[in-house]
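Working notes, beginning with the structure itself.
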Amino acid sequence: MMRVAIVGAGIVGLNAAHALLDKGHQVTLVEPGNNSQRPTDGNAGWIAHTDIMPLASPKAWRNLPRWIMDPLGPLTIRPAYLPALAPWLARFVLASSPGRIKSSIAAIRAINEQALPAWKERLSALGLEGHLREKGILSVWRDRNHFLSAEDVIARQKSFGIPAEVLDPRELAELEPALRSVEAGVLYPDACHVSDPAILAADLLRLALERGAVRVDGKALAVQPQGDAVHIHTDGAVANVVADRVLISAGIWSRALAGQLGDNIPLDTERGYNATYAKGAFGLNRPIMFEGEGFVASPLDTGDRVGGAVEFAGTQAPPNHERTSAMITRLKRFLPHLDEKQPAKRWMGFRPSIPDSLPVIGQARRDRRIVYAFGHGHYGLTQAAITSRLVAELMEDRPASLDMNPFSAQRF
């Protein structure tokens, strides 16, 4: 039995806690109590294991000129943040070469292929199966020519054995009567979503504590190997947490801790925005990806959520909810019945993003007792359960369930 401390009690850290509790280890979760901008609580709720494309893909480059010209569009960079972002952008360009894209697709597919089975195993073991909504996910296009340009991606998905059903406007109208201005669509029947990501995370935390995990309320300031233990220094009432193994899974806040351990990770934040309306306001039956628009819609149990929009501005700049309003305006092209004046809860959070769209899962350069699991970007919820299995294997020095080289912290 080991003493394991987990820095970060988001969806990845919570899954890791259960994976380690399954093996009989003592688990301590170190997490600040007021972390309202972590993506765990405000994401779209998708388990999008059918997705295979990195952000640095032809689809992104095809839309980039149009997006970047619109300060309230799907992707923007605040000018003052551009110098700080330059190294990340340089690696993003490098990750866009055909060879790198091919490698990223292979790694994404390898981890996503195991994502849903790992989630089903986790939820079943904890009695949380009721959180899963297996209704598929629908991608739609306003312009049929744009849909035709995506046919190579769809063909590649099918070559991986991913079910994808191409739908014409009539079939789309039967499936989602509320949708308008749609010329083409693809249904991914095996994709799914959860009841509400924040409620799922709360249940995972509650059950982890019931199983014996301990929570320390505080921000980890440093992780230091000292002799036969690893010490975590926090700003909370418990100033020092001592462990045999440490997992760093604190999202964007992991970058500084990894830097202390000799790993310079090109981790930045894609600031994401969303608005959540009353349940049923959209009139949708399943989650929708609005291709080329930069946002998605999810009918969650607690309300209908529209979210997306990538903004690079760091962690200190205040939210710009004009971006949220612009996203809602674009949504009304598809859902003209939506009452945009209806009160909506607005949110902005920090997606931890790596230029090649692959998370960092592996051991620290300076000490193998410290393991990383962060930088999942848009796949945090999707990959959380399979990541927890990989973390447990690393900490126990067992053979990994898949090739870990693409996810190594030392690949940069």
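Please read all numbers here as calculations on a predicted model, not as lab measurements.
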Return the set of residues passing side-chain hydrogen bond (donor to acceptor under 3.5 Å, both in side chains) with [X] (not counting sequence neighbours), or none when no residue passes.
{"X": "T329", "value": "none"}
{"X": "E270", "value": "S353, H378"}
{"X": "S325", "value": "R346"}
{"X": "T234", "value": "none"}

Name every donor-acceptor pair, under 3.5 Å, that has one atom in a side chain of residues 214-224 and the other anywhere in the protein, sequence neighbours excluded.
residue: D217; atom: OD1; partner: G33; partner atom: N; Å: 2.8
residue: Q224; atom: OE1; partner: Q226; partner atom: NE2; Å: 3.2
residue: Q224; atom: OE1; partner: H233; partner atom: NE2; Å: 2.9

Suppose we screen for salt bridge (Lys or Arg N to Asp or Glu O under 4.0 Å). Which residues come up paired with [X], at least two apart in sequence or across chains?
{"X": "R91", "result": "none"}
{"X": "D356", "result": "R411"}
{"X": "R133", "result": "D301"}
{"X": "K158", "result": "none"}

request  = Can you sort out the partners of A107 under side chain to side chain contact (heavy atoms under 4.5 Å, CB included), two or more places apart, ordered by chain and number?
outcome  = L358, P406, F407
Test side chain to side chain contact (heavy atoms under 4.5 Å, CB included) applied to R211 - qualifying residues, sequence neighbours left out = H18, L21, D22, L126
key: Pair F312 and W88, ring centroids less than 6.0 Å apart   = yes
ask   = Tell me the side-chain hydrogen bond (donor to acceptor under 3.5 Å, both in side chains) pairs involving residues 313-323, sequence neighbours left out?
value = H321-T324
message = Tell me if a side-chain donor or acceptor on E171 pairs with a main-chain N or O of D168 at a distance below 3.5 Å.
response = yes
inquiry  = Has E176 got a side-chain atom pairing as donor or acceptor with R286's backbone, closer than 3.5 angstrom?
reply    = yes
request  = Run the numbers on E134 and K120 for salt bridge (Lys or Arg N to Asp or Glu O under 4.0 Å), then give the verdict.
outcome  = CA-CA 11 Å; E134 298 185 82; K120 288 186 173 181; 3.0 Å; yes
R3/T28 under side chain to side chain contact (heavy atoms under 4.5 Å, CB included): CA gap, chis, key distance, verdict = CA-CA 8 Å; R3 298 169 300 171; T28 299; over 6 Å; no
